[in-house]
Protein chains: 2
Amino acid sequence: MELRLFRYCVAVAEEASFTRAAARLRIAQPALSRQIKAVENEIGFALFQRGLRGVTLTEPGRVLIASARTVLAEAEAAVQKARRAGRGELGLLRIGFTASASFNPFVTGAIRDFRTTYPDVEVELIEEATSFLLERFATGRLDVAFLRPAPGEVDHLLSQRAVAEPLVVAMPSGHKQAGRKSVSLASLADDAFILYPRPNGRALFDSIVSACQAAGFSPKILQVAPQLTSVVNLVATGIGVSIVPRSMAQVSTDGVVYRPLIHAPQAEITLVRRNQPEPRSAVLFAELVRSRASRPAEMLPDAADDRRTASRKAPRPSRRKPGKSTRTRRR
Amino acid sequence: MELRLFRYCVAVAEEASFTRAAARLRIAQPALSRQIKAVENEIGFALFQRGLRGVTLTEPGRVLIASARTVLAEAEAAVQKARRAGRGELGLLRIGFTASASFNPFVTGAIRDFRTTYPDVEVELIEEATSFLLERFATGRLDVAFLRPAPGEVDHLLSQRAVAEPLVVAMPSGHKQAGRKSVSLASLADDAFILYPRPNGRALFDSIVSACQAAGFSPKILQVAPQLTSVVNLVATGIGVSIVPRSMAQVSTDGVVYRPLIHAPQAEITLVRRNQPEPRSAVLFAELVRSRASRPAEMLPDAADDRRTASRKAPRPSRRKPGKSTRTRRR
DNA sequence: GAGACCCATACCTCCAGGGTATGGAGAGGC
DNA sequence: GCCTCTCCATACCCTGGAGGTATGGGTCTC
């Protein structure tokens, strides 16, 4: 059974006449008669009651035509949906980001912006360490990602600068420098540094270490925190200080204060995406990020909003559509 | 776009290979390649990412295949449903009956029985006077009906005897014969008779009149009741008596008593159906009625059940399926 | 009874879907 | 490094079935 036959049946039913239906279908009446007969043979029952003034539907005819209409409509809809998917307006986009990027209002704002601009694209959020994100790219399990790549780490992928933010010091509130308005790296030469493992995020690790070396010392590293958020908690215990991207200051933990660094190095967040079988939605996302990046942060209402609400209880009043979901994965 | 192309796309997606899919579809691989390419041209985007070891779906491909599967399944289901409709197991059956027949447990039992046996046949119940039912047959707006035809009235239709029941007297409870166990027609010679208009039901009217004449008198007819149920209410007012089918005794109204007639005439209910473009479900219904009619009433659990519950508040605990409905029309 | 209308049958045409042969490109084995 | 295998694409040919024309049969209308 082919859709053509469904179309013919519907036409005959609507015109209540083989002759008129054939005219509408731009085929000859005998051809139509034969095709309808073929359908009736396949069904095993007459679909039309041939009368003297046209035809009427039999009961199986009524039932078939009712279904045929929906089948035809859905077939057409399937093609349209595929086209939309081709344009990137519909489908699935897997967005990865590192824990440190997830606190950046530019990143969260871009994702939210994308979801409202393209509501039919299902967004899957994947928070993982840079190394795992890159592994996902290699195996095709990720479309775009915000991360902080080390030099050369993403040469095989398309990448574009998304946003930069200065690093700040996170220190116990009882630290001797805690009273200062800003802190120089050199003054932390004797402190223990809490960082997370270098393999999980080479770029940030290396830039912190090299900034210290530029300030004239090699940091004493207590490399114990698996997650970025646990770094802050460890700082709160007083065992050491840390250097984190400024947006981490949103995580206001009792016993931790954040202070700007004098001559602070910038930590860049890069948007990376696959280049070979690249879904169009990833291109749309990259374009959206690019246009956001070209605007100053103050002009981004979402980002500003994000910063204000970040420390509150429900930072994101997500009114999600039924049927659409934003899945989030963490390791 | 034809279903064949959907089938091809699904096969390629499932096999992840043009070669294997072609083998499964029993066509040559180049033919399949060409057809898929045609689809991709129509969509405007590649559906498959050609790799070295087979192919993978692109995003528009994923979207199309997901829809294609449901379209294919529904197309197949449409054919199956039409076949079922042809066998009478699915569709619409319009069952008519007169008011007097609607009180007969055989009739209601048969309808209920049909609904449980063929749950996918939507039953439309139409309660109208015999004359209107016959008019509906003439214009094809009815499939089967329970009625009491006058001689020759249904010769152009298929008809079969369904059930017979004796006539009984309905009289005011203060009537002088009310105390008797059974009543002879002759003893009612001086009473006024409440009947409904002859054109609405010639058969019953005529059989009552001729029974009276056989008993030696012409009834004085107060012909004022448009509905059968109002006959009973009028009897309750004390202005006269009536002769009704025994199953009407279910309508227990204060002030009315029913008494068997001595040598009571039988009132037959006939099942009538169209013969020309007859839906198969009407045949199934007629067969069901025929098999019920061949069994004695005592062996019909539904009928017995019906009689017991008829005078209660909710005579029919209709647990109807969602989506299916039993429509009822009255004039 | 002639004409109109409508669907069915008979027979012919032609193109699209399918087949065979072959090419090209990358992966893997020796 | 070359051969081979795998897999998809291209080129070209063939055939079945969809579609066209001519015509017939039945019924209603005028």
>> Give me the atom names and distance for the closest heavy-atom approach of R273(A) to V144(A).
In response: CB-CG1, 3.6 Å
> Think K37(B) has a side-chain N or O under 4.0 angstrom from the OP1 or OP2 of dC8(D)?
Replying inline: no
> Taking atom P of dA18(D) as reference, at what distance in whole Å does atom OH of Y8(A) sit?
Replying inline: 9 Å
> Of all heavy-atom pairs between A129(A) and T98(A), which one has the smallest distance, and what is that distance?
Replying inline: C-CG2, 4.4 Å
> Can you find a side chain N or O atom of T19(A) that sits less than 4.0 Å from OP1 or OP2 on dC5(C)?
Replying inline: no
>> Without decimals, in angstroms, what is the distance between R24(A) CZ and dG19(D) P?
In response: 15 Å
> Tell me: CD of E15(A) to P of dC7(C), nearest whole Å?
Replying inline: 11 Å
> Considering only heavy atoms from C-beta outward, does the side chain of L93(B) approach that of F114(B) to under 4.5 Å?
Replying inline: yes
>> Whole angstroms only, please: what is the CD-P distance between Q29(A) and dA8(C)?
In response: 7 Å
> Looking for any heavy atom pair under 4.0 Å, which part of the strands does F48(B) touch: base, sugar-phosphate only, or nothing?
Replying inline: nothing
>> Using a heavy-atom cut-off of 4.0 Å across all strands, would you classify R34(A) as base, sugar-phosphate, or nothing?
In response: base
>> Can you identify which nucleotide, out of dG20(D), dC8(D), dC7(C), has its nearest atom closest to the A28(A) side chain?
In response: dG20(D)
> Between dG19(C), dG19(D), dC8(D), which nucleotide gets closest to the side-chain atoms of I27(A)?
Replying inline: dG19(D)
> Considering only dC8(D), dA8(C), dG19(D), which nucleotide approaches the side chain of V55(B) most closely?
Replying inline: dC8(D)
> Given dA8(C), is OP1 or OP2 found less than 4.0 Å from the side-chain N or O atoms of S33(A)?
Replying inline: yes
> Rounding to a whole Å, what distance do you find between E2(B):CD and dA18(D):P?
Replying inline: 10 Å
>> On a heavy-atom basis, which atom in M1(B) and which in R7(A) lie closest, and how many Å separate them?
In response: O-NH2, 3.4 Å
>> Using whole Å, what does the distance between atom C1' of nucleotide dC6(C) and atom CZ of R50(A) come to?
In response: 12 Å
> With a non-hydrogen cut-off below 4.0 angstrom, is Q35(A) in contact with a base, only sugar-phosphate, or nothing?
Replying inline: sugar-phosphate
>> Without decimals, in angstroms, what is the distance between N41(B) CG and dA16(C) P?
In response: 14 Å
>> In whole Å, I'd like the distance from the CD1 atom of I36(A) to the P atom of dG19(D).
In response: 11 Å
> How close do L92(A) and S281(A) get, heavy atom to heavy atom, and via which atoms?
Replying inline: O-OG, 4.0 Å
